[in-house]
Amino acid sequence: MQENLVIVESPAKAKTIEKFLGKDFIVKSSFGHIRDLAKKDLGINIGEGYKPVYEIPGDKKKVVDELTKLAKSKTVWLASDEDREGEAIAWHLTEVLGLPVDRTKRIVFHEITKRAILEAIEKPRTVNMDLVNAQQARRILDRLVGFELSPVLWKKVRPALSAGRVQSVAVRLIVEREREIIAFRSAAYFRVVAQFYAAGDPEKTLFKAELSSRFETEAQAETFLQSCIGATFTVAKAEEKPAQRYPAPPFTTSTLQQEAGRKLGMSVSQTMSVAQHLYEQGLITYMRTDSVNLSQQALAQCKEEITKLYGEKYSRWFNYKTKTKGAQEAHEAIRPSYIERQEIEGTPAEKKLYDLIWKRTVASQMVCAELDRTTITIDMSGSSNQFVAQGEVVRFDGFLRLYSESTDDDQAAESGEGLLPKLTAGDRVLPSQITATERFTSAPARYNEASLVKRLEELGIGRPSTYAPTITTIINRGYVVKQNRDGQKRNYAQLTLTGEKIASKTLSENYGKEKNRLSPTDIGMVVNDYLEEQFGPIIDYNFTASVEKEFDRIAEGDITWDKMIDEFYGPFHKMVDSAITTQTAKTREVRILGNDPKTGHIVKARIGRYGPMVEIEGNEGEKGRFASLKKGQLIESITLEEALELFALPRDLGQLDGEELMVGIGKYGPYVRYGKSFASLAKTDDPYTIGYDRAVEIVRAHQAAAAAANTPLKSFPEDADMLVKNGRYGPYIAYKGKNYRLPKGAKPEELTLDDCLKIVAGSKK
DNA sequence: CAGTGAGCGAGCTTCCGCTTGACTT
């Protein structure tokens, strides 16, 4: 019979720790928070000093019952995480389990190693109420903001919307980036690159050098190329500087999300779900962390592994310090549980993510890469312009042997050059070719999920456990869409000087192609503008940082939580009152796009009953024509041309089997209609351009699928009511008007009537 | 379910952070 009960937050952690502690200890998990503010209403008694009303959510009752039972006969050790939230969990446990706060043992450790845990057991403390109060203040403030702002939006904009300290800033970032893009005007310029070789080099080995100035027009570029004819080129300066490159620190939640996005193309929530699997199998440490710290044990294992793989000179013992604003460091960095395990079994995604974590962790303990950076500056006769060649040579690879971090900046790759010839000042070089290429300044990039997380983290907004859910929320509320955009074609000019001849040609390229980028919707923009206007201080980028400072003061015991909340709530509630009594948000604002060239009537855009739309006004007393905007189009930025295109639907494609074939966009996306049946277009089909043949193909496939869906996978002569069908979520059982899912691993074709009846009976609770 | 472009109005929606499964026809 165990004498001791240790309570941690995560069940996987409980299992590990139980092994370390021996049979006098039973280790259980609270599964995170066990109590929260009442779900209904505000859950805060404002008149009674903001007294919180706590309740145990339905799905936590079972855990709490079990813990309560176990706690009765044992010494309880509260081992929730060492941060504000963890301290609050410990306190809620004392309250709910009826334990004395001043005598219950509270222990903490930030690495899950036997030594760390045994040490923690040696020196228990008690619950730190100042820290708990800081958490209560955080919780109450978030509830006040969320539950007072959201109803204002229901009233002034549209029902079921939401606002909050974190999500509203996330939306704001995306809206402001979009406005930068809308306001951006691309400018063309000419960039000149020469291919030189050293005079007297029999091999004529070419190297590239770029002109330090750029030209605004093609004429200027051409004049410059003319001036190159017959000019002499002399090395003015050749510098070689040693440089070092450092490995990146081990992964936190945010950096893991970024790298998995860039290198593996995984979404933020995919990354978290795969990481969760790895964690549950004991393969990696906890995946929701803001710490870059590695345990002594992990450091030692890295050293051993690096020495084994590459030799001791590649190893460097280095522990990183977390710089992130508001980091709470309750855990280690995300690393393999056992560094010596270089590969794992699992799904392809699990293997790839594990490999990424393994490499990043081990590389963080490797020595710097040693580089030589060479810069050669070249003068030309008759001109003050200079060409500059830059080269980088890796003298010693160090950590690069294993891992190199990706960047968000696609253009960085363009500039990296290799080896340059050995040259000294005064050396002559000869141009083999000089080209002037038209380039264009580009608008700032839209955020993707990971770069948004990165930005939020920099601002200290949100926590590792909320990054993925925050993105889901702003998408679900319809504030933001994640989508791909096709690139557009554009032409650019290129002038090439070879010998004494300048050739000119026009080339074309694609630009602006985007994958999984976030952009605001019209509603997102309206809500953002409204919040900015009425609640500016709350969605200020520094709001979280400034309240965090207050929470820290509460944690230090300098101020009381209720006073802090009171000082916040007074002015905040005034803003709410004034917002409710003043004008509504600008949901009905109309933007005039121009005139329809066919009728001369005004074309305008606004938010209608069914979302954003464009309208061509009708004649006096007549209705106009309406069309919905496409996903990703905005009232603020749609052009007349784009608007007119939207009226091309529905399109008549001709006849099939004596029925009309029409293509349109309905509530459920693009469709082709034949007679009374509808078939959805594939994602890759464009309703504006789809042809007759492809439409027929879709109709035929739809007819075949409909026929297949009506044929059951399996039926039984003994019982006509029992059918195994194929549905959206795979095979299922249909029996007397109800559907039942198959147990995991069941093969539909092998099921007997008896099996099916058992499944039906078993699913009834 | 498959084109629409007001205004009678019940009752509902909502926050952030901790943690995992359960479950969708």
Side-chain angles (χ1 to χ4, degrees), chain A residues 8-14 29-37 39-44 57 59-60 63 80-81 83-90 92 135 138-155 158-168 273 276-277 279-280 286-288 328 330 461-467 469-470 473 477 544 588 606-615 623-628 649-650 662 664-673 676-680 709 725-734 738-741 763:
Chain A
V8 297
E9 291 182 39
S10 149
K13 207 178 189 178
S29 146
S30 72
F31 292 81
H33 276 293
I34 54 153
R35 279 205 311 192
D36 191 15
L37 294 176
K39 245 174 84 162
K40 276 207 149 214
D41 308 321
L42 191 58
I44 300 161
D59 58 341
K60 286 290 162 62
V63 182
S80 44
D81 296 345
D83 59 17
R84 201 163 62 202
E85 298 296 326
E87 204 66 18
I89 289 172
H92 281 297
Q135 192 275 346
R138 197 281 304 155
R139 181 68 191 92
I140 289 167
L141 180 127
D142 281 336
R143 174 56 74 87
L144 287 172
V145 170
F147 275 37
E148 294 214 358
L149 286 193
S150 301
V152 176
L153 296 178
W154 305 343
K155 220 174 151 186
R158 173 194 282 187
L161 294 176
S162 66
R165 175 177 58 81
V166 173
Q167 59 168 284
S168 296
S273 141
Q276 174 94 30
H277 278 131
Y279 169 67
E280 282 167 7
Y286 197 56
M287 63 282 155
R288 290 188 273 261
Q328 302 195 8
I461 298 171
R463 304 279 312 128
S465 65
T466 60
Y467 295 138
T470 299
T473 299
R477 296 277 173 277
T544 291
R588 308 298 306 253
R606 67 176 170 93
I607 296 180
R609 186 165 154 193
Y610 304 104
M613 60 163 196
V614 283
E615 177 185 0
K623 272 192 187 176
R625 293 175 63 206
F626 299 92
S628 294
L649 294 182
M662 299 287 287
I665 296 181
K667 209 168 15 172
Y668 304 94
Y671 63 86
V672 50
R673 178 169 67 85
K676 283 190 184 123
S677 309
F678 290 82
S680 290
K725 291 186 176 174
N726 209 0
R728 228 193 327 163
Y729 303 97
Y732 66 99
I733 290 174
K738 277 194 160 181
N739 296 328
Y740 305 87
R741 52 189 285 123
S763 82

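Computed from heavy atoms alone, side chains included, the values below leave out hydrogens, waters and symmetry copies. Proteins get letters first, then strands, A, B, ... in listed order; numbering begins at 1 in each.
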- prompt: Where the side chain of A/Lys60 meets the backbone of A/His33, is there a donor-acceptor pair that is under 3.5 Å apart?
  reply: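 Side chain of A/Lys60 to backbone of A/His33: a pair is present.
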- request: Ignoring hydrogens and angles, tell me if any N or O in the side chain of A/Ser80 forms a donor-acceptor pair with the backbone of A/Glu87 under 3.5 Å.
  value: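 Side chain of A/Ser80 to backbone of A/Glu87: no pair is present.
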Using nucleotides 7-11 of chain B, report all nitrogen or oxygen pairs with the protein that are shorter than 3.5 Å.
unit_1, atom_1, unit_2, atom_2, d
B/dG7, O6, A/Arg588, NH1, 2.4

Hey, are [X] and [Y] close enough for a salt bridge, meaning a charged N less than 4.0 Å from a carboxylate O?
| X | Y | answer |
| --- | --- | --- |
| A/Glu85 | A/Arg463 | no |
| A/Arg288 | A/Asp81 | no |
| A/Asp36 | A/Arg139 | yes |

query: If the sugar-phosphate is the primed atoms plus P, OP1 and OP2 and the base is the rest, what is the B/S/- string for nucleotides 13-21 of chain B, using protein heavy atoms under 4.0 Å?
result: BBBBBBBS-
Mind checking the [atom1]-[atom2] spacing from [X] to [Y]? Nearest 0.5 Å is all I need.
| X | Y | atom1 | atom2 | value |
| --- | --- | --- | --- | --- |
| A/Arg138 | A/Thr544 | CZ | OG1 | 10.5 Å |
| A/Leu42 | A/Leu37 | CG | CG | 8.0 Å |
| A/Gln167 | A/Thr473 | CD | OG1 | 6.0 Å |

task: Might you work through the side-chain contact (heavy atoms from CB on, under 4.5 Å) test for A/Phe31 and A/Glu9, ending with a clear yes or no?
output: CA-CA 5 Å; A/Phe31 292 81; A/Glu9 291 182 39; over 6 Å; no
message: Just to be sure I understand: a Watson-Crick pair is purine N1 to pyrimidine N3 plus N6-O4 or O6-N4, both under 3.5 Å. Using that and G-U wobbles, which stems of three or more pairs involve DNA chain B?
response: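 None - DNA chain B has no stem of 3 or more consecutive pairs.
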- prompt: Does the pair A/Ser162 and A/Leu153 meet the rule for a side-chain contact (heavy atoms from CB on, under 4.5 Å), with working shown?
  reply: CA-CA 7 Å; A/Ser162 66; A/Leu153 296 178; 5.9 Å; no
message: Any base atoms under 4.0 Å from A/Gly611, or only sugar-phosphate, or nothing? Heavy atoms, all strands.
response: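 Touches a base.
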